[in-house]
A.B. asks: 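Structure below; questions to follow.
Predicted model, so just to flag it, every value in this text is computed and none were measured. Values reported hereafter were calculated over all heavy atoms of this structure, with side chains retained and with hydrogens, waters and symmetry mates removed.
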Amino acid sequence: MGTNLKKRILITGGAGYIGSVIADLSLRNNFKVRVVDHLWFDKEVPLEYSHNPNYEFIREDLCREELLDGFLKDIDIIIHAAAVVGDPASKKFPVLTRLINYDMSIRLIEKIQKSEATGIIFLSTCSNYGVSQGMANEESPLKPLSLYAETKVGVERHLLDKVKNLDWVICRLSTVYGYSPRMRFDLTVNDFTMNAHTKKYLDIFLPYSQRPYIHVVDAAKIIIQMVKDFERVKNNVFNLGFNEENYQKIQIAQIVKTFMPETKIELVKSGYDLRDYKVDFSKLRRLLNIRKEFTVVDGVKEVLNLLKSGLINNPEDKKYYNTSPDLGEKECLLN
């Protein structure tokens, strides 16, 4: 791969919640890393790797098609993490969601096909399953219930049906949690832990709905392993997670309560988020045999310790949420 020993990686959205952890692990694995990120949420340019000759950061908008060729120069593998992420954000910013998650992604794939890159790892979501009957595997029907999932399904179908001269991997991620340099408190485990710590109160909508969870570091490790074993895993769809990490929302709340027993939990049987899916990760285990490092219990403890440390003084700051009020749709459309 490439003319030198180092794998050359482009990470779109590489300063985001998942992307920043992938970037860190890529450097630890001696990859050459180029990050392209618009920094919508936290405007501070990440400086922790500025001294590292293997790291290049470009603050730019992927919607600017005329720049894509430059981003792709001298790159082997693209990890495409840039997106408007999550159902609430896609509902609040529908035009931007279609533009970034689908239109820009298709243009990027077309550019990659004309480049010298070996392939793309596309970060999708288990939300694509919507509501599943039994354990959803990679062959299960996709039933997206949100614009976010619809756009991810659209890009998946493009890769599966229309791309003939480019190798790819589709990664349907579990719901992530845990500490990241671009911290988020709008993810279930992080959100429940933060609210129990600051308000001593949780209201759980549709408490018995299920979904899988994965620590952001475990997710990043799997993706790094896929870069290393790209020839082995290419042209496959994978659910990213672990079978034993499927939980009901009420189970997450009960775990949180074990650390903060004074937390009051109120169950709300209605809600707009109707997703309910339990996912099978046997294919991933069979091909890569990766073991998890973290469980939800570890994640709750980690986030609670972060909050207690005082390193984050205001977890309600808008930069920790993907529905940030200043994330205007015009920002991307005008640049």
A.B. asks: Does any non-hydrogen side-chain atom of C171 lie less than 4.5 Å from one of M226?
C.D. replies: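 Yes; the side chains approach each other to less than 4.5 Å.
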A.B. asks: In plain terms, say whether D203 and K264 are close enough for a salt bridge, that is, a side-chain N and a carboxylate O under 4.0 Å apart.
C.D. replies: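 K264 and D203: not salt-bridged.
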A.B. asks: Work out which heavy atom in R182 is nearest to a heavy atom in Y321; give both atom names and the distance.
C.D. replies: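 Answer, listing the atom of R182 first, then Y321: NH2-N, 3.7 Å.
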A.B. asks: If the plane angle is over 60° it's perpendicular, under 30° parallel, otherwise tilted; pick one for Y55 and F57.
C.D. replies: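 Plane angle under 30°, so parallel.
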A.B. asks: Kindly confirm or rule out a cation-pi arrangement of K249 over F205, judged by NZ or CZ under 6.0 Å from the six-membered ring centre and within 45° of its axis?
C.D. replies: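 No, cation not above the ring by the 6.0 Å, 45° rule.
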A.B. asks: If only atom types and distance count, is the side chain of D276 paired as donor or acceptor with the main-chain N or O of Q210 below 3.5 Å?
C.D. replies: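 Side chain of D276 to backbone of Q210: a pair is present.
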A.B. asks: Just by modelled atom types, is the Y17 backbone N or O under 3.5 Å from a matching donor or acceptor in the R184 side chain?
C.D. replies: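 Flag not set: sc R184 to bb Y17 has no pair under 3.5 Å.
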A.B. asks: Check this for me, if you would: do R172 and E156 make a salt bridge, where the nitrogen-to-carboxylate-oxygen distance has to be below 4.0 angstrom?
C.D. replies: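 Looking at R172 and E156, the cut-off is met.
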A.B. asks: Looking at N236 and V233, would you say the former's side chain and the latter's main chain have a donor-acceptor pair under 3.5 Å?
C.D. replies: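 Pair found, side chain donor or acceptor close to backbone of V233.
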A.B. asks: Under 3.5 Å, side chain of N101 to main-chain N/O of T151, donor-acceptor pair present?
C.D. replies: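 Here the side-chain-to-backbone pair does not exist.
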A.B. asks: Report yes if the distance between the aromatic ring centroids of F242 and F281 is under 6.0 Å, otherwise no.
C.D. replies: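 No - the distance between ring centres of F242 and F281 does not fall below the 6.0 Å cut-off.
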A.B. asks: Is a salt bridge present between E60 and R64, judged by a nitrogen-to-oxygen distance below 4.0 Å?
C.D. replies: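 Result for this pair is yes, salt bridge flagged.
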A.B. asks: Could you tell me whether the side chain of N246 and the main chain of N243 form a donor-acceptor pair under 3.5 Å?
C.D. replies: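 Judged by distance alone, yes, a pair lies under 3.5 Å.
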A.B. asks: State whether E244 and K292 are salt-bridged, where the test is any N-O pair (Lys NZ or Arg NE/NH1/NH2 against Asp/Glu carboxylate O) under 4.0 Å.
C.D. replies: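 A salt bridge is present here (some side-chain N lies under 4.0 Å from a carboxylate O).
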A.B. asks: With a 3.5 Å distance limit and no angle check, can you tell me whether D218 reaches the backbone of I214 through a side-chain donor-acceptor pair?
C.D. replies: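 Looks like no, no N/O pair under 3.5 Å.
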